[in-house]
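Worth knowing before you read on, the calculation uses all heavy atoms, side chains too, and leaves out hydrogens, waters and symmetry mates.
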Amino acid sequence: MREGGHGSGGRVPSVTGAGAAPTLGGVSFASGADAPAGSESRTVRGTLPPGSPDFVYLPVDVPAGVREIRVAYTYERPSVPAGTAGNALDIGLFDQRGTALGDRGFRGWSGGARSEFFVRADDATPGYLAGPVGEGTWHIALGPFTVAPQGLAYEVTVTLAYGEPGTPVRPVYPPERARGRGRDWYRGDCHLHSWHSDGRRTPAEIAALARAAGLDFINSSEHNTHAAHAHWAAEAGDDLLILLGEEVTTRNGHVVALGTDPGTFVDWRYRARDNRFGRFARQIRRAGGLVVPAHPYATCVGCNWKFGFAEADAIEVWNGSFGPDDEMALADWDSALAASVRDGRGWTPAIGGSDAHRDPDPVGTPQTVVLADDLTRRAILEGVRAGRSYIAESAAVVLSFTATGPRGERAFVGGRLRVAEDAPVTVRLEVSGAPRCTVRLVTDQGVLHTAGLPGSGSGTVEWCTTARHAAYVRAELRHRAAAGPLPGAAVALTNPVFLGA
């Protein structure tokens, strides 16, 4: 590694993960009586070689009397052969409280979405936390996401503005309750991005699209930052509950922290081999949220899920437009359902989310439809955790999925119908809003029943079975495939109803 500017350089070991925190030579500024009026800048240049650690840190000695810190960076993007990764460099900021994993020094992250940012007491760039610029050693975090064979040449310019700080802004968060309909089905999008990470929409634009899509709730899930939490209050209303969270974007997969306490930051600087995910999964749950591995089979760099599902409260099996990676996630989830029955252990529900970032990404495609006692944070999360939900392509798709025993006993999606193994069970799916679709009833033994819906998209499908024949039943609505044996893309997916004692 080569670097220029103030401070001395050092050789950075070629390791990965959070176990190492390589530090570049520091950036120094004048202090005390020597500090100039106005502002002062320093520029650092260097090159990160292939095999660099996931994160390296550039220390910045911030003297007293600083009103604002501003950072700008660029890096070279040389041509590389087809199939070879080029350069991609992420960036973020930690204040004088340090860079320790999960500690309080975090001040923001923009990944590769921005080339510059600022922080001061009364304001900050989206993705960063406003607050005092305290005296001490700050750190700019550089994350070489991918490095070209030629190396990653970068330039970072740090500007300190001196003067009286602005008045700190007290954060205001959205309420945890909206005007619900009592116990009912509520529609939500659990995975969204605004301009507070790599999205392009404002919270106001997202809220308007959510209402237009017929949603009752949404979840703020920015990449590796909770800075958006304090910017959603104005968009909430009696008709829209806004949950707060984060998409914890590690190098070994992404996990949505769904519905955490306001102001909860979840660190992401570790890999599966570091054995630290469990610590942060527990943090999410202590903060009242759910742990939801996102798009586990996505093909983007670093997206494929490698932490296992033991800590998952739910799994995102449908992300955005239904595609081959969702098909794989669905099949893997179904195999886990069968294993849970075989091994007599608990099961993990499925949910969906749009992962919408910018136009033309539709908000609310898909949406998770949750049976909850009311439109509150606690009730929605309880419904998701219990599996009382299904995933729908749009608000037009409405389902009712039940299993009824011989004496009229009934169980709904996510529930268990307790009947003898050979007792007759009637599975019933009522559908509206799904024209030209096929119904598939899936069990631990595979797909055991299929039926077509009328052209109107409304209809009822019934199937008789026993607990001996099917330990669980779940429903899939699919677009009719154009050709071949494979099913069409999903229109709706339900969580299972379990059968038997």
Side-chain angles (χ1 to χ4, degrees), residues 5-7 23-44 57-73 90-100 102-111 113-142 156-174 194-197 202-204 220 222 224-234 244 246 261-265 267:
H6 290 262
T23 302
L24 306 174
V27 179
S28 298
F29 287 83
S31 61
D34 296 327
S39 63
E40 189 178 13
S41 296
R42 297 284 188 271
T43 297
V44 173
Y57 298 90
L58 173 63
V60 180
D61 292 330
V62 176
V66 173
R67 181 178 61 87
E68 177 186 279
I69 180 169
R70 184 175 294 270
V71 177
Y73 83 119
D90 294 343
I91 197 166
L93 185 67
F94 292 79
D95 67 20
Q96 75 279 4
R97 291 171 291 184
T99 63
D103 214 342
R104 297 194 305 162
F106 176 78
R107 291 299 291 270
W109 183 257
S110 47
R114 301 182 187 279
S115 60
E116 60 181 294
F117 59 84
F118 73 91
V119 169
R120 61 175 184 258
D122 59 349
D123 200 5
T125 299
Y128 291 80
L129 299 170
V133 181
E135 179 181 5
T137 301
W138 290 51
H139 289 85
I140 298 166
L142 298 176
V156 179
T157 298
V158 183
T159 300
L160 302 185
Y162 298 89
E164 291 297 320
T167 302
V169 178
R170 184 176 182 178
V172 178
Y173 301 112
S194 77
W195 67 357
H196 288 275
S197 59
T202 66
S220 171
E222 309 294 356
N224 296 344
T225 181
H226 61 297
H229 289 190
H231 296 274
W232 278 105
L244 303 176
E246 179 185 333
D261 293 336
T264 298
F265 165 63
D267 214 320

Partners of W109 by ring pair (Phe, Tyr, Trp, His ring centres under 6.0 Å), sequence neighbours excluded?
W268
Residue set satisfying salt bridge (Lys or Arg N to Asp or Glu O under 4.0 Å) with E135, at least two apart, ordered chain then number -> none
Please name all residues satisfying salt bridge (Lys or Arg N to Asp or Glu O under 4.0 Å) with D261, sequence neighbours left out, ordered by chain then number.
R377
Partner residues of A113 under the side chain to side chain contact (heavy atoms under 4.5 Å, CB included) criterion, sequence neighbours left out
D198
Taking side chain to side chain contact (heavy atoms under 4.5 Å, CB included) as the definition, give me every residue that meets it alongside R104, ordered by chain and number, with sequence neighbours left out.
R97
Ring pair (Phe, Tyr, Trp, His ring centres under 6.0 Å) involving H139 - partner list, sequence neighbours excluded:
none
For V44, run the side-chain contact (heavy atoms from CB on, under 4.5 Å) check against V27, L24, V158 and tell me which one passes.
V27
Output all residues satisfying salt bridge (Lys or Arg N to Asp or Glu O under 4.0 Å) with D61, sequence neighbours left out; order by chain, then residue number.
none
Minimum heavy-atom separation for G111 and Y73, please, with both atom names.
O-OH, 3.6 Å
Who are the salt bridge (Lys or Arg N to Asp or Glu O under 4.0 Å) partners of D103, not counting sequence neighbours?
none
For P132, give me all partners under side chain to side chain contact (heavy atoms under 4.5 Å, CB included), at least two apart in sequence or on another chain.
none
Counterpart residues, side chain to side chain contact (heavy atoms under 4.5 Å, CB included), relative to A124 (two or more places apart)
V119, Y128, A130
Would you please name every residue forming a side-chain hydrogen bond (donor to acceptor under 3.5 Å, both in side chains) with E68, sequence neighbours left out?
R70, R120
Sequence neighbours excluded, every pair satisfying salt bridge (Lys or Arg N to Asp or Glu O under 4.0 Å) that has a member inside residues 159-168:
none
